[in-house]
Amino acid sequence: MPENTDNYILSGLNESQIEAVTFGDGPLLVVAGAGSGKTRVITHRIAYLIERGAAPEEILGITFTNKAAKEMERRVGEMAGEGVMLRTFHSFCALVLRRQIHHLGLDSSFSIYDRSDSLKVVRRVCKQFELDPEQYKPADMLNRISAHKDGVEPPEIAAEKAVSEWDEQAARVYAKYELTLTDSNALDFDDLLVKTVLLFNKHPEVLARYQGQYKYLLVDEYQDTNYVQHLIAKALQGRHHNITAVGDPDQTIYTWRGARMENIMRFQEEFPGARVIKLERNYRSTANILNAASYSVAHNINRHEKVLYTQSGSGSPVEVVGHSGAAQEAEWVAKTINKHVQRTESFPSIGILYRTKYQSGEFEAALSKHGVPYQVVDTTGLFERKVVKDIAAYLHLVVNPKDNVALQRIINVPTRGIGAKTLDRVTKVAEATGMPIMPAILDGAHQQELPPRARKAVDNFVALYNHLSEECFNASSVRGAVERVINETDYLASIKADEREESRELLDYFLGFAEQYQEQEPEGDLTGFMELSVLASDVDAWEPDTGSVSLLTLHSAKGLEFDMVFLVGVEDRILPHSRALEDRDVMGESEAMEEERRLFHVGMTRARKTLYISYANERMIRGQYEYTGESPFLQELPSDGVSWEKGPRAGGFSLTSAKGRWSRKSSGVSRSKKKKSPKLKKAKIKKRAPEKHAANNPEDADLQPGKKIQHDKYGEGTLVSINRAGEKKLLKIDFPEYGVLTILE
DNA sequence: GATAATCGTATTTTT
DNA sequence: TACGATTATC
């Protein structure tokens, strides 16, 4: 290896990292535990390859999110300049398909459907087939379709494989769904991957071109790749065999989306001669944090043994803190942050991590009440808001007139007298002509079929469409095009007065995004912008460490790190989420359960110095207070390096009478008034101090998991969990002699 | 055909 | 709770 490159590319790296960075040609798997510097290895390896003579254009780096791609681009840019292609699988495939999809007989102006678009199609198909929406839930159907696509199984295969009525119906819906998308010249997220594989299979000469171009392929987060993605990676490295995959099986948290840990586990079989390098030294966390996380995830059975070590000090203990309710938990987090800031007079990077999005509300309220700046990293961002989707639909339709979903979305938005009935007729007329709706009405197919009034309305719409097409075509910028659509449709005027301001704000953000897009992609056109608006998420725009606390889900926390982490809501049906508990099998734990545990592990390993884990005994779920209580995962933490603080013992509580029963009085009606601000949830500091009541029932507050309980039949036991069942409570109590029993009280 | 009121169901996680 | 979807009314 060239000696002179060592200093700036290799300095500060440990032995295994250097080995990975300087690995020569051939397949390489880097199994990198949390905090072991895997991103560094990738960026340095790219720099090394370039130093060693590879052209930047010959390198393709695949990341899991656009955000990660951007970050990597920045880091590679600093070390080795520009020109390396860094993208997600989805955006790379979109790029390939825009250029090559004509080989598959499709049109390069295709729309990309997000999940809600796809769901609309599935709903319509289900309705058409007159399927009972109870038994055949569109969302489940779509998940199934997606699973088939992940496995590159076309509808015919799906039908063959069906072993139940449900499977058969799903296959039928799948087939129709595919036809509908093709007619609309649209691809869904999965199609981006699947069509790319098809393209490569059917047209080896196209594949050969990409194989020739990309001599080096590096894939990050390999543990979360699915089958199609694996096929794409395999195809791309087919000529030079220079694939570097980096990942950590313990951080597989997307199996629900088809991620396969086996892609890592069986890497050597798939890529013969592959070298495997493990990165086992953790540079991020204190020993206590690392130890707690490792100990916990070691409870998974389906796992390859991996030992992480650190040379940092033990640090302060991991603190586990219980609370009576979710509001108290949030309050405690806010106060703890303030205390810390006052004591140290500094603002460390802080993350509040939770399992589900809806949990953010309590924290937003508490933080703003205490004047703590925060930002919610919300993935249901700008582009999924109705207002933005409406305007985007016009743009989609201009780019791709066949886009039936877009058309159906806006043909009567703002209302222009084209109701369900007219739309229905128009759809029928279009079907008769064999054309998608917009082309059909542009052709005047509706003229004879509609009553005068409806015809006029449709004619007006056609006129508007033509006008918009022209405007967009003539617009000097992407922003200009978007602006004209907003103006010419008179969209804002149609919004109810009290929501108009908010809509305006959202659209302003959208416009700002268009402008930003153009700055970054001077060559970019409307099609490119529309693509970005579907594939990008708000996480991509989020900037860490800006002197505010970050609120985010465990999933979106992947790959990030904070000085201080609050892992909150670590409760019975929240962290192992209730949905994961459902399919628990009798013999042991389900796959889903293990994934929840990995999620817990991912959360803990985000922390550098301080880790708090907290739970509440009660929280609002679906508008009702429910008992949750300690997560079973907490029992799996090591005793060393973890300190416990049970929730506040509020009020006197008569636990036992002579008969070992406990009395129960009326539970105070608790409520929390939380008016959700309709504004953008991103990066803003709310000033409101909502009323915060909570479950202040002293009895309940004292009935904490972990509490010793005397039972007249079974003796003393430890309360494991509490669930409310109507008027009664279901108590799970661990008795030394009998094990865990469930008692209805 | 548009609007308001009511009803029912969903909340895991995301490219 | 809170949203979307269906229904009732104008």
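We use all heavy atoms of the structure for the numbers below, so side chains are in, but hydrogens, waters and symmetry mates are not. Source: prediction; values computed, not measured. Letters A, B, ... mirror the listed sequences (proteins, then strands); counts begin at 1.
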Side-chain (A/His299) to main-chain (A/Ser296) donor-acceptor, under 3.5 angstrom: yes
Can any side-chain N or O of A/His601 pair as donor or acceptor with the backbone N or O of A/Arg597 at less than 3.5 Å? no
For atom [atom1] of [X] and atom [atom2] of [N], their distance in whole Å:
| X | N | atom1 | atom2 | answer |
| --- | --- | --- | --- | --- |
| A/Tyr358 | C/dT1 | OH | C1' | 11 Å |
| A/His230 | B/dT15 | NE2 | C1' | 19 Å |
| A/Leu554 | B/dT13 | CG | P | 11 Å |
| A/Arg573 | B/dT11 | CZ | C1' | 13 Å |
| A/Asp150 | B/dT14 | CG | P | 17 Å |
| A/Gln624 | B/dT11 | CD | P | 17 Å |
| A/Leu193 | B/dT15 | CG | C1' | 8 Å |
| A/Glu571 | B/dT11 | CD | P | 20 Å |

Which listed nucleotide ([options]) is nearest to the side chain of [X]?
| X | options | value |
| --- | --- | --- |
| A/Thr553 | C/dT1, B/dT13, B/dT15 | B/dT13 |
| A/His577 | C/dT6, B/dT11, B/dG1 | B/dT11 |
| A/Lys421 | B/dT13, B/dG1, C/dT1 | B/dG1 |

Would you say A/Trp256 stacks on B/dT13, if stacking means ring centres under 5.5 Å apart and planes within less than 30 degrees? yes
Any [X] side-chain N or O less than 4.0 Å from OP1/OP2 of [N]:
| X | N | value |
| --- | --- | --- |
| A/Lys127 | C/dT6 | yes |
| A/Asn226 | B/dT15 | no |
| A/Thr65 | B/dT14 | no |

Hey, are A/Asp188 and A/Lys149 close enough for a salt bridge, meaning a charged N less than 4.0 Å from a carboxylate O? yes
With a 6.0 Å cut-off on ring centres, are [X] and [Y] close enough?
| X | Y | result |
| --- | --- | --- |
| A/Phe529 | A/Phe510 | yes |
| A/Phe129 | A/Tyr136 | no |
| A/Phe64 | A/Tyr254 | yes |

5'-most by nearest nucleotide on DNA chain B - A/Ala420 or A/Thr88: A/Ala420
If you assign each of A/Ile418 and A/His555 to its closest nucleotide in DNA chain B, which residue comes earlier from the 5' end? A/Ile418
Return the polar atom pairs (N/O with N/O) between nucleotides 3-10 of chain B and the protein under 3.5 Å, or none.
none

